[in-house]
Colleague: 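Take this structure first; my questions come after.
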Amino acid sequence: MAFWLIKSEPGVFSIDDLARAPGRRTQWEGVRNYQARNNLRAMRKGDRCLFYHSNASPSGVAGVAAVLREAYPDPHQFDSKSKYHDPKSDPRDPRWSLVDVKFLRRFPALVSLETIKADPKLAKMVLVNNSRLSVQPVTDSEFRRVLALAGEKD
DNA sequence: GCCAACGTTGGC
DNA sequence: GCCAACGTTGGC
């Protein structure tokens, strides 16, 4: 099993929104960055995702989701009314992908970015070193460390 | 709301 | 292929 971190602005879509969604699942739509897209395409069913709240006060990891369905073409790229529309994407070779994720759990308390930055064991996290990447890999030990900081067991 | 960091676009 | 201009992300 692999581990990832996925970002969402809680004002747009929070972990509570995921927990309330039908089937507690959602399409992880709108990724329009190639590195993030490649990470989506590398996800496998059952992989775990840290659900990160960005542009929040404070920002931080709010809980855990799981990959339910592996990457397939993001339908919004072909919808001219969508804000995710990409007129340059060819339907025969779609440029953008998404995965479906499902809610696993919400942490009792957010693991804030400040906490993560202050933790020597998390100094190499992509989050700390490339804060703009919206879908990023997380190592096994980083994942377990964030769970520990959240007061959770594996 | 500001602005640094970063990715993308397009002229040449 | 270089790089300046521009747009976006996201912390603060």
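Quantities reported herein were computed from a predicted structural model and do not represent experimental measurements. Chain letters run A, B, ... following the sequence lines, proteins first and then strands; every chain starts at 1.
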Colleague: Other hydrophobic cluster members with A/Tyr84, side-chain heavy atoms of Ile/Leu/Val/Met/Phe/Trp/Tyr under 4.5 Å, chained?
Modeller: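 Members besides A/Tyr84: none; it forms no cluster.
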
Colleague: Sequence neighbours left out, what passes ring-ring contact (aromatic ring centres under 6.0 Å, His included) with A/Trp28? Give chain and number order.
Modeller: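 Counting only residues at least two positions away or on another chain, A/Trp28 forms a ring-ring contact (aromatic ring centres under 6.0 Å, His included) with A/Phe51.
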
Colleague: Under the rule for salt bridge (Lys or Arg N to Asp or Glu O under 4.0 Å), what residues qualify as partners of A/Glu70, not counting sequence neighbours?
Modeller: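 In terms of salt bridge (Lys or Arg N to Asp or Glu O under 4.0 Å), with neighbours along the sequence ignored, A/Glu70 is linked to A/Arg44.
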
Colleague: Would you jot down, in residue-number order, the residues of residues 76-84 of chain A having a non-hydrogen atom under 4.0 Å from DNA chain C?
Modeller: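 Within residues 76-84 of chain A, no residue comes under 4.0 Å of DNA chain C.
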
Colleague: About how many Å separate CD1 of A/Ile116 and CG of A/Leu149, when rounded to the nearest 0.5 Å?
Modeller: 7.5 Å

Colleague: Nearest heavy-atom pair of A/Ala19 and A/Arg24: which atoms, and what distance?
Modeller: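 That would be O-NE, 3.0 Å.
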
Colleague: A/Glu114: what forms a side chain to side chain donor-acceptor pair (under 3.5 Å) with it, not counting sequence neighbours?
Modeller: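 Side chain to side chain donor-acceptor pair (under 3.5 Å) list for A/Glu114, sorted by chain: empty.
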
Colleague: Is it possible for you to check whether A/Arg69 lies under 6.0 Å from the centre of the six-membered ring of A/Tyr72, through NZ or CZ, and within 45° of that ring's axis?
Modeller: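 Relative to the ring axis of A/Tyr72, which defines the angle, A/Arg69 lies inside both limits.
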
Colleague: Return the set of residues passing side chain to side chain donor-acceptor pair (under 3.5 Å) with A/Ser97 (not counting sequence neighbours), or none when no residue passes.
Modeller: A/Arg41

Colleague: Quick check on contacts: within residues 113-138 of chain A, what sits under 4.0 Å from DNA chain C by heavy-atom distance?
Modeller: A/Leu113, A/Lys117, A/Ser131, A/Arg132

Colleague: Could you list who else is in A/Phe78's hydrophobic cluster, with ILVMFWY side chains joined at under 4.5 Å, directly or through other members?
Modeller: none

Colleague: Which residues pass the side chain to side chain donor-acceptor pair (under 3.5 Å) test with A/Arg145, not counting sequence neighbours?
Modeller: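 Partners of A/Arg145 under the side chain to side chain donor-acceptor pair (under 3.5 Å) test: A/Asp119.
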
Colleague: Might you confirm whether atom CZ of A/Arg32 has over 12 heavy atoms from other residues, nucleotides or ligands at distances under 6.0 Å?
Modeller: yes

Colleague: Taking the nucleotide of DNA chain B with the closest heavy atom to each, which residue, A/Asn55 or A/Gln35, is nearer the 5' end?
Modeller: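 Whichever sits nearer the 5' end wins; that is A/Asn55.
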
Colleague: Of all nucleotides in DNA chain C that come within under 4.0 Å of a heavy atom of chain A, which is furthest toward the 5' end and which toward the 3' end?
Modeller: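 In short, chain A contacts DNA chain C from C/dG7 to C/dC12.
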
Colleague: Specify the angle, to 10°, made by the local axes at the two ends of the helix from B/dG1-C/dC12 to B/dC12-C/dG1 when five pairs are taken at each end.
Modeller: 10°

Colleague: Could you pull out all residues at least two apart from A/Asp79 that satisfy salt bridge (Lys or Arg N to Asp or Glu O under 4.0 Å)?
Modeller: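 If we apply the salt bridge (Lys or Arg N to Asp or Glu O under 4.0 Å) test to A/Asp79, skipping adjacent residues, there are no hits.
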
